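Every value quoted in this text rests on a predicted model; they were computed, and no experiment measured them. Counting begins at 1 with the first residue of the sequence.
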Amino acid sequence: MAEQKVSLRTQRLVALLLLISQAGITITGAVVRVTGSGLGCVTWPECHPGSLVPQAGAAPAIHQAIEFGNRLLTFVVIATSAAAIIAMHRAHRRKELKMYAWVSMGLVILQALIGAASVLLDLRWWSVALHFLPSMILVWVAAMLYVRVLDPDDGTPTHIIPQSARMTGLIAAIALAVVLMTGTMVTGSGPHSGDEGVGMEGRLEVNTEYMAVGHAMCMYVYLALTIITLWLLYTNKAPRVTLRAGWVLIGVIIVQWAIGVFQFYQGVPRWTVPFHVGMSAVVTAYTAFLYAHGRKRLKEDAPERLPAEHGVH
């Protein structure tokens, strides 16, 4: 085996930084939205025609600072993605891990282009939704890298949880995707357009209250599927790390539910939106953690294999 030039500890740290940066930029994006700073920079890649940076008087200074600051964070995400690529290649890791790193870089570039399009489209609700959803995919990919970077490259891929739990976990992940999509529709019909000058122009023309109720129903389905998955893990004596990820996931789902209920009854205060968006990233990350723990690369003498009758080898 080729000599490892990047320690496993460093690889894990790079993966963690990638995950934090991917989640963090969703929060700053939400701050852009609720402060009405989405058109603080009116074009792309320039901030204003003829200028890459904010210009005095071109827009309110605070709006320019918030939007331009969010754009600068894109370079932080690109840097962490590049660091992940370099770390995985210098450490001569397996193709799976290199794929996660390269997918992160590709999606970050795509995400930047979608963000540019949303500005040029004056923040139409669907363009903003398309800007948010890839962020959750990026969080998922970074979480997968963070967990699976610990697996030995020469181990045998082995399912360590039963097929029933794997299937309910997969269905739960699909349900989460529906929750996220309906959440963008709630936001798209709500009061926070992303720019004070846009107002309700280009918003999704549906009843926000009904849309929020539908979003909540999808969340309840997702929570129920997650609880069923955790119960199946317990009854099949899954590894402790897998059970811990499941319990934390249920906890963060409940926190996210509480924030959503508060928003519903309080008319979606601006300050709650970044918290709700940030928790979406946390929920997505822990859903990915639980999914990633379902398969490990084990040595032949590893103790974590399930009995053959579970049909998971």
Side-chain angles (χ1 to χ4, degrees), residues 1-30 45 69-116 130-157 173 176-177 180 241-242 244-245 248-249 252 277-298:
M1 182 182 293
E3 181 181 356
Q4 196 175 65
K5 297 182 180 180
V6 180
S7 69
L8 184 59
R9 182 177 180 180
T10 299
Q11 294 172 47
R12 194 102 195 280
L13 177 60
V14 169
L16 177 61
L17 292 175
L18 178 61
L19 177 57
I20 292 173
S21 65
Q22 299 288 19
I25 200 168
T26 67
I27 298 174
T28 60
N70 185 62
R71 290 188 180 191
L72 289 179
L73 281 179
T74 301
F75 294 100
V76 174
V77 178
I78 290 175
T80 54
S81 298
I85 291 172
I86 293 171
M88 295 306 109
H89 279 273
R90 290 196 62 188
H92 306 291
R93 297 307 304 269
R94 63 187 183 275
K95 290 181 180 180
E96 176 193 10
L97 303 182
K98 293 174 182 177
M99 179 196 70
Y100 291 143
W102 279 105
V103 167
S104 290
M105 177 64 79
L107 285 178
V108 167
I109 294 172
L110 176 62
Q111 179 74 312
L113 295 175
I114 295 173
L130 288 176
H131 190 40
F132 169 76
L133 293 174
S135 293
M136 295 298 101
I137 298 175
L138 283 163
V139 168
W140 179 283
V141 171
M144 293 291 291
L145 178 62
Y146 179 72
V147 172
R148 291 192 168 168
V149 74
L150 293 177
D151 291 352
D153 294 339
D154 57 349
T156 302
L176 172 60
L180 294 171
V241 65
T242 307
R244 183 165 58 245
V248 174
L249 175 57
V252 295
V277 169
M279 285 304 299
S280 295
V282 174
V283 169
T284 299
Y286 270 95
T287 303
F289 289 163
L290 187 59
Y291 179 83
H293 282 308
R295 181 173 66 86
K296 296 290 185 182
R297 300 178 73 94
L298 303 178

Evaluate T28 against I25 for side-chain contact (heavy atoms from CB on, under 4.5 Å), listing each step before the verdict. CA-CA 5 Å; T28 60; I25 200 168; 3.8 Å; yes
Checking side-chain polar atoms at under 3.5 Å, does S135 have a donor or acceptor matched by the opposite partner on Q22?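 Distance-only check fails for S135 and Q22.
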[atom2] on [Y] to [atom1] on [X], rounded to 0.5 Å:
| X | Y | atom1 | atom2 | result |
| --- | --- | --- | --- | --- |
| L145 | M88 | CG | CE | 5.0 Å |
| I27 | N70 | CD1 | CG | 11.5 Å |
| E96 | R297 | CD | CZ | 6.5 Å |
| L180 | T284 | CG | OG1 | 5.0 Å |
| L176 | T287 | CG | OG1 | 5.0 Å |
| T26 | Q111 | OG1 | CD | 10.0 Å |

Can you tell me if OH on Y291 sees more than 12 non-hydrogen neighbours from other groups inside 6.0 Å?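 At most 12 heavy atoms, drawn from other residues, nucleotides or ligands, come within 6.0 Å of this atom.
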If I compare all heavy atoms of [X] with all of [Y], which pair ends up nearest, and what's the gap?
| X | Y | result |
| --- | --- | --- |
| L138 | L107 | CD2-CB, 3.3 Å |
| L19 | A142 | CA-CB, 3.6 Å |
| I85 | M105 | CD1-CB, 3.8 Å |
| K98 | R93 | CE-O, 2.9 Å |
| T80 | L18 | OG1-CD1, 3.6 Å |
| T10 | S7 | OG1-OG, 2.8 Å |

Show the numbers, then the answer: is there a side-chain contact (heavy atoms from CB on, under 4.5 Å) between V283 and M136? CA-CA 10 Å; V283 169; M136 295 298 101; over 6 Å; no
Yes or no on side-chain contact (heavy atoms from CB on, under 4.5 Å) for R295 and R148, after CA distance, side-chain angles and deciding distance? CA-CA 9 Å; R295 181 173 66 86; R148 291 192 168 168; 2.9 Å; yes
Measure up the F289 and Y146 rings against each other and bin them: parallel (under 30°), tilted (30 to 60°), perpendicular (over 60°). tilted
For a side-chain contact (heavy atoms from CB on, under 4.5 Å) check, start with the C-alpha distance between W102 and H89, then their side-chain angles and the critical distance, and finish with the verdict. CA-CA 11 Å; W102 279 105; H89 279 273; 2.9 Å; yes
Does the distance from a Lys or Arg side-chain N to an Asp or Glu carboxylate O, for R94 and D153, drop under 4.0 Å?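 Looking at D153 together with R94, the answer is yes, because their closest N to O distance falls below 4.0 Å.
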Would you mind reporting whether V108 and V77 have side-chain heavy atoms less than 4.5 Å apart? yes
